[in-house]
K.L.:
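The structure follows.
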Amino acid sequence: MRIFENLESEVRGYIRSFPTIFRTAKGAILTDEQDEEYIDFFAGAGTLNYGHNNDYVQEALIDYLKSDGIVHGLDMATTAKKEFIQTFQDTILKPRNLEYKLQFTGPTGTNAVETALKLARLVKGRSNIVAFTNGYHGLSQGSLAVTGNNEYRDESYISRTNATFMPFDGYFGDMNTLKYFRKFIEDGSSGVDLPAAVILETIQGEGGINVASKEWLQELESICKEFDILIIIDDIQVGNGRSGEFFSFEFAGITPDIVTLSKSIGGGLPMALLLFKADLDQWKPGEHTGTFRGNNLAFVASRVTLENYWQNDDLTNAVFYKENILKNRLEKIAKKYEDEYTIVVRGRGLAYGFEVKNDKSIAGQISEYAFKENLICETCGSDGQVVKFLPPLTISEDLLVEGLDRFETAIEKLFLDKKQKLSEEF
Ligand SMILES: *Cc1c(COP(=O)(O)O)cnc(C)c1O
């Protein structure tokens, strides 16, 4: 580890939570240089929905490279891109009756978010964007302005104007937070400028696995229609099947004006994609550009994941099946400790959070103890108070259960150690 400590910037993040050197990975297993195997319940923060080195992806990439397929092509037409667009249209958009234009942005999520904000402002001729408490949309300047997370906001001494925050679903407990939003929009003198768009995640991935309800999303859509505001759904983390269905908003029956996709859309490779309704396509040719908008390897990887996982409902059904296992087990663990800890379990699909309400430091400690049990799970939430579960969607039932066993062992050991420490102090 010394080489990282000596030569890599202090900005290092996940390496500190999981301090070992990983060498290989397959499916839901990561292997380090000492041949220790870890079960991966983090999956690259939702980038590896189809697992590490997915067989279909691996094979397709090797064949493509060996055939001298185009690797870099700016945004020129290539066979790989043509085939991706056709497959995305046939397997994802058409069956859902979604008519979207596609825009390829630079290959990271924040590129897609920046593009979405720019397009919304351009089309509506308004500068304000409404974002929601605890939302996370990336860390470049425009995306940061609509990101709530204080840890990231604190470090950035830049102008973060043209964004207004409104309370997300559940922010005030049972209160309907959209009443508040509506009032501010209705009242021309509320001080909140009519926004070009709202931007939100249906399940806040970094913000603590806060889940918006179907009713809330539907009401938000109707308010936005009434006041001519665009809806941008940031599906970067919880799209691509994470919620069970391909898009996280499908269950609510809403149709966002703009959708951002990244993380798992490239089958594990860098890729970002913007979807928007055709009437919003008001770009001039080349008006929004970028060198790496055509990661052809990602087009190939993405196409084979669509072909192999999205031609039928098998993956969706598997996610719901595994969700039951995950949810029931987490709830059982929460119940086991209910006398000492108030634990809330929430999520959708294979995105779950385990929040210890009465001690915000515990989630981080659980994650550390889990690592000692060879389980990778990260924390999220404004104070890192939520343990987050994002296993690959393709994880086997056995490994999922084995990972949950390790999680339970980690908690047992942590709470035992805590008791021991307490008794030593008195
Ligand atoms: C990860 C993430 C982003 C930013 O993606 P990067 O590739 O890290 O720039 C934006 N929005 C959401 C919801 C994310 O989870």
Side-chain angles (χ1 to χ4, degrees), residues 11-14 42-49 103-120 129-149 151-153 155-156 160 163 165 168-169 197-212 217 231-243 246-249 256 258-275 290 292-293 295 298 301-302 347-353 378-382 384 386 388-390 392-393:
V11 80
R12 301 185 313 279
Y14 294 125
F42 188 36
T47 305
L48 296 157
N49 283 7
Q103 179 175 3
F104 301 96
T105 67
T108 64
T110 199
N111 288 135
V113 171
E114 293 282 351
T115 311
L117 301 177
K118 183 171 169 183
L119 181 64
I129 302 281
V130 162
F132 290 88
T133 48
N134 286 300
Y136 180 87
H137 301 290
L139 296 184
S140 54
Q141 199 160 339
S143 305
L144 183 62
V146 290
T147 287
N149 195 309
E151 192 182 326
Y152 302 119
R153 289 173 71 85
E155 312 304 330
S156 189
R160 290 184 301 241
F165 280 83
F168 192 68
D169 192 13
V198 299
I199 183 165
L200 69 150
E201 305 150 87
T202 67
I203 307 163
Q204 295 183 322
E206 297 303 303
I209 311 290
N210 307 312
V211 185
L217 290 167
I231 296 193
I232 305 169
I233 295 288
D234 182 348
D235 237 3
I236 289 172
Q237 184 158 157
V238 295
N240 297 295
R242 180 55 58 187
S243 72
F246 186 84
F247 295 109
S248 74
F249 53 82
I258 304 179
V259 181
T260 56
L261 287 173
S262 187
K263 292 207 164 91
S264 276
I265 186 65
L269 274 67
M271 174 173 169
L273 177 59
L274 205 63
L275 310 174
F292 281 104
R293 282 171 304 144
N295 183 356
S302 186
R348 251 182 357 100
L350 282 177
Y352 264 75
E378 244 300 342
T379 59
C380 60
S382 48
V386 183
K388 174 155 122 173
F389 293 81
L390 294 178
L393 307 183

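Both counts, for ligands and for their atoms, begin at 1 and track the order of listing. All heavy atoms count here, side chains included; hydrogens, waters and symmetry mates do not.
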K.L.:
Of all the atoms in ligand 1, which lie at a distance below 4.0 Å from a heavy atom belonging to Thr108?
P.N.:
7 (O), 9 (O)
K.L.:
Which residue pairs pass the salt bridge (charged side-chain N to carboxylate O under 4.0 Å, His left out) test with at least one member in residues 199-209, sequence neighbours excluded?
P.N.:
Glu206-Lys388
K.L.:
Could you tell me whether the side chain of Thr147 and the main chain of Gly138 form a donor-acceptor pair under 3.5 Å?
P.N.:
yes
K.L.:
Tell me if the aromatic rings of Phe389 and Phe42 count as close, with their centers under 6.0 Å from one another.
P.N.:
no
K.L.:
Counting each atom of ligand 1 from 1 as listed, which ones have a heavy atom of Thr110 under 4.0 Å away?
P.N.:
4 (C), 5 (O), 6 (P), 9 (O)
K.L.:
Run the salt bridge (charged side-chain N to carboxylate O under 4.0 Å, His left out) test against Arg293 and tell me which residues pass, sequence neighbours left out.
P.N.:
Asp75
K.L.:
Under 4.0 Å, heavy-atom basis, I'd like to know which part of Glu206 is in contact with ligand 1: side chain, backbone, both or neither.
P.N.:
neither
K.L.:
Specify whether the nearest protein heavy atom to atom 5 (O) of ligand 1 is under 4.0 angstrom away.
P.N.:
yes
K.L.:
Does Glu201 approach ligand 1 within less than 4.0 angstrom via side chain, backbone, both or neither, non-hydrogen atoms only?
P.N.:
side chain
K.L.:
Can you list the atoms of ligand 1 that are under 4.0 Å from a heavy atom of Gly138?
P.N.:
4 (C), 10 (C)
K.L.:
Tell me which part of Ile236 gets within contact of ligand 1: side chain, backbone, both or neither, using heavy atoms under 4.0 Å.
P.N.:
side chain
K.L.:
Judging by distance only, is a nitrogen or oxygen of Gly109 under 3.5 angstrom from one on ligand 1?
P.N.:
yes
K.L.:
Out of Asp234, Val211, Asn210, which residue meets the side-chain contact (heavy atoms from CB on, under 4.5 Å) rule with Gln204?
P.N.:
Asn210
K.L.:
Please determine whether the number of non-hydrogen atoms from other residues, nucleotides or ligands lying under 6.0 Å from atom CZ of Phe292 exceeds 12.
P.N.:
no
K.L.:
Taking Ser248 for its side chain and Gly239 for its backbone only, find out whether a donor-acceptor pair lies under 3.5 Å.
P.N.:
no
K.L.:
Suppose I only count heavy atoms of Asp234 and a 4.0 Å limit; which atoms of ligand 1 are within that range?
P.N.:
10 (C), 11 (N), 12 (C), 13 (C)
K.L.:
Which residue from Lys263, Gln204, Met271, Glu114 reaches closest to atom 3 (C) of ligand 1 through any of its heavy atoms?
P.N.:
Lys263
